[in-house]
There are 2 protein chains.
Amino acid sequence: MEPLHTPSPTESELEILQVLWQQGPSTVRQVNDLLNRRREIGYTTTLKLMQIMLEKGLATRDASGKMHIYQAAVEEASTQQRLLKRFVDTLFRGSASQLVMQALGNHEASSEELDEIKSLIEQMEKQQPK
Amino acid sequence: MEPLHTPSPTESELEILQVLWQQGPSTVRQVNDLLNRRREIGYTTTLKLMQIMLEKGLATRDASGKMHIYQAAVEEASTQQRLLKRFVDTLFRGSASQLVMQALGNHEASSEELDEIKSLIEQMEKQQPK
DNA sequence: AAATATATACGAAGCATTTCGTAAATGCAA
DNA sequence: TTGCATTTACGAAATGCTTCGTATATATTT
């Protein structure tokens, strides 16, 4: 039985989704190896997490071969969007621009990226010049 | 005994910090009343959370009167910064500008806010025109 | 002072998350 | 086919978070 709404991924599940989004369909071993570049985590731990993600509907898998091949079942952009909204709400009282200011102030961004953002802003101002 | 590093607030603790940041020093009842405008939550639940926040070093209190008065012990900006970094890392692979694009694209921002952001960007470009 | 209202203290249940140990299955190699 | 290496399945411990019930303390009112 599948859940009506796919639940929000936990932090560990997000780590795995990152790998699946970037690498495409992967085995448990592949995912676990990548995760271990950042932090130590047991193989069966990753396996269990991915099995849970399957149950939750966050991933699908091809179990025809010996090694099951997992794939993300949620889109990166929409997942980012949903979690971003919650983040902005609980930490920035819903003010996206406040978050943007913080993000730009404390991380480096190349001038190309900055230009990209600027043109996005100009585009938005044209669209709704309220 | 105090923790060496103040731990990251949980989601519930962030709700309370929001209130303390906005309202300043407050009693449990004041916080609980405000929280109940958004969702139902029992008085002793809020009390317990605030006591835990005291233990964790997220809040301090004045217990001289009958009603204890709690106060945020972590700064809003630095807390935002720390959590934002983690958020960007786990959901946007460390790319702040990606997050900014998503944030601007999916939330409304007034043209005043957009102008503010634009001038921030221009300022940044001047400072490090790499 | 007794009764009442309101506050804090504390323990613990319920649940989710993370982690891993152990067993069973599977494929490959000798 | 027998054994070895690898994989999956499953259970469950350990921890953390949220919630609230009950007991106790404190103040106010009558």
Side-chain angles (χ1 to χ4, degrees), chain A residues 3-20 25-36 38-71 79 83 86-87 90-91, chain B residues 3-20 25-36 38-71 79 83 86-87 90-91:
Chain A
L4 215 56
H5 287 300
T6 309
S8 283
T10 67
E11 193 132 348
S12 298
E13 288 164 352
L14 271 179
E15 285 182 319
I16 292 174
L17 281 177
Q18 284 290 350
V19 174
L20 295 179
S26 310
T27 65
V28 175
R29 172 128 336 256
Q30 288 170 331
V31 171
N32 185 249
D33 284 351
L34 274 189
L35 291 186
N36 270 277
R38 294 219 145 273
R39 66 189 185 94
E40 193 181 313
I41 180 168
Y43 175 82
T44 55
T45 302
T46 302
L47 170 66
K48 179 67 166 187
L49 275 172
M50 292 174 75
Q51 288 171 339
I52 290 172
M53 290 170 70
L54 184 70
E55 279 177 16
K56 288 186 180 176
L58 293 171
T60 58
R61 78 175 170 194
D62 173 357
S64 50
K66 172 184 181 181
M67 297 191 288
H68 299 178
I69 295 175
Y70 287 77
Q71 192 169 356
T79 302
L83 294 183
R86 201 166 99 195
F87 189 74
T90 68
L91 204 52
Chain B
L4 215 57
H5 286 300
T6 310
S8 285
T10 67
E11 192 132 350
S12 297
E13 289 164 350
L14 271 178
E15 285 182 319
I16 292 176
L17 281 176
Q18 284 289 351
V19 174
L20 294 180
S26 311
T27 65
V28 175
R29 174 134 326 265
Q30 287 170 331
V31 171
N32 185 249
D33 284 351
L34 273 189
L35 291 186
N36 270 276
R38 294 220 143 273
R39 66 188 185 95
E40 193 181 311
I41 181 169
Y43 175 83
T44 55
T45 302
T46 302
L47 169 66
K48 179 68 167 186
L49 275 173
M50 292 174 75
Q51 288 171 340
I52 290 173
M53 290 170 70
L54 184 70
E55 280 178 14
K56 288 186 181 175
L58 292 170
T60 58
R61 78 175 169 193
D62 172 359
S64 53
K66 172 186 180 180
M67 297 190 289
H68 300 178
I69 295 177
Y70 286 77
Q71 192 169 357
T79 302
L83 294 183
R86 201 164 101 197
F87 189 75
T90 68
L91 205 52

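Numbers restart at 1 for each chain; the letters A, B, ... are given by sequence-line order, proteins then strands. All values derive from a computational prediction rather than experimental measurement.
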- Task: Kindly determine whether A/Ile52 and A/Lys48 satisfy side chain to side chain contact (heavy atoms under 4.5 Å, CB included), including the steps that lead there.
- Result: CA-CA 6 Å; A/Ile52 290 172; A/Lys48 179 67 166 187; 4.1 Å; yes
- Message: Please evaluate residues B/Leu17 and B/Leu14 with respect to the criterion side chain to side chain contact (heavy atoms under 4.5 Å, CB included), reporting the C-alpha separation (whole Å), side-chain torsions for both, the decisive distance (0.1 Å), and the verdict.
- Response: CA-CA 5 Å; B/Leu17 281 176; B/Leu14 271 178; 4.3 Å; yes
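Rounded to an integer number of Å, the gap from B/Gln51 CD to D/dG21 P is 16 Å. Atom pair B/His68:NE2 and D/dA25:P shows a separation of 13 Å (rounding to whole Å applied). Rounded to whole Å, atom C1' of D/dT8 lies 14 Å from atom CG of A/Asn32.
Under a 3.5 Å cut-off, the side chain of A/Thr44 and the backbone N or O of A/Leu47 do not form any donor-acceptor pair.
A/Thr46 contributes atom OG1, which lies 3.5 Å from atom CG of A/Asn32 (distance to the nearest 0.5 angstrom). Rounded to the nearest 0.5 Å, atoms OH (B/Tyr70) and OG1 (B/Thr27) are 10.0 Å apart. Note that CZ of A/Phe87 is 10.0 Å distant from CD of B/Glu11, once rounded to the nearest 0.5 Å. Expressed to the nearest 0.5 Å, how far CD of A/Glu13 lies from CE of A/Met50 amounts to 11.5 Å.
Protein chain B contacts DNA chain C from C/dT6 to C/dA12, reading 5' to 3' and using non-hydrogen atoms of the protein with a distance under 4.0 Å.
Between D/dT7 and A/Arg29, a contact under 4.0 Å exists linking OP1 or OP2 to a side-chain N or O.
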Can you tabulate the close N/O pairs, meaning under 3.5 Å, that link protein atoms to atoms of nucleotides 15-20 of chain D?
unit_1, atom_1, unit_2, atom_2, d
D/dT18, OP1, B/Ser12, N, 3.3
D/dT18, OP1, B/Ser12, OG, 2.9
D/dT18, OP2, B/Thr10, OG1, 2.7
D/dT18, O5', B/Ser12, OG, 3.2
D/dT19, OP1, B/Arg39, NH1, 3.1
D/dC20, OP2, B/Gly42, N, 3.1
D/dC20, OP2, B/Thr45, OG1, 2.9

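Under a 4.0 Å N-O distance rule, the pair A/Glu15/A/Arg39 qualifies as a salt bridge.
When each of A/Leu47 and A/Lys66 is assigned the nucleotide of DNA chain D with its nearest heavy atom, A/Lys66 is the one assigned upstream, toward the 5' end.
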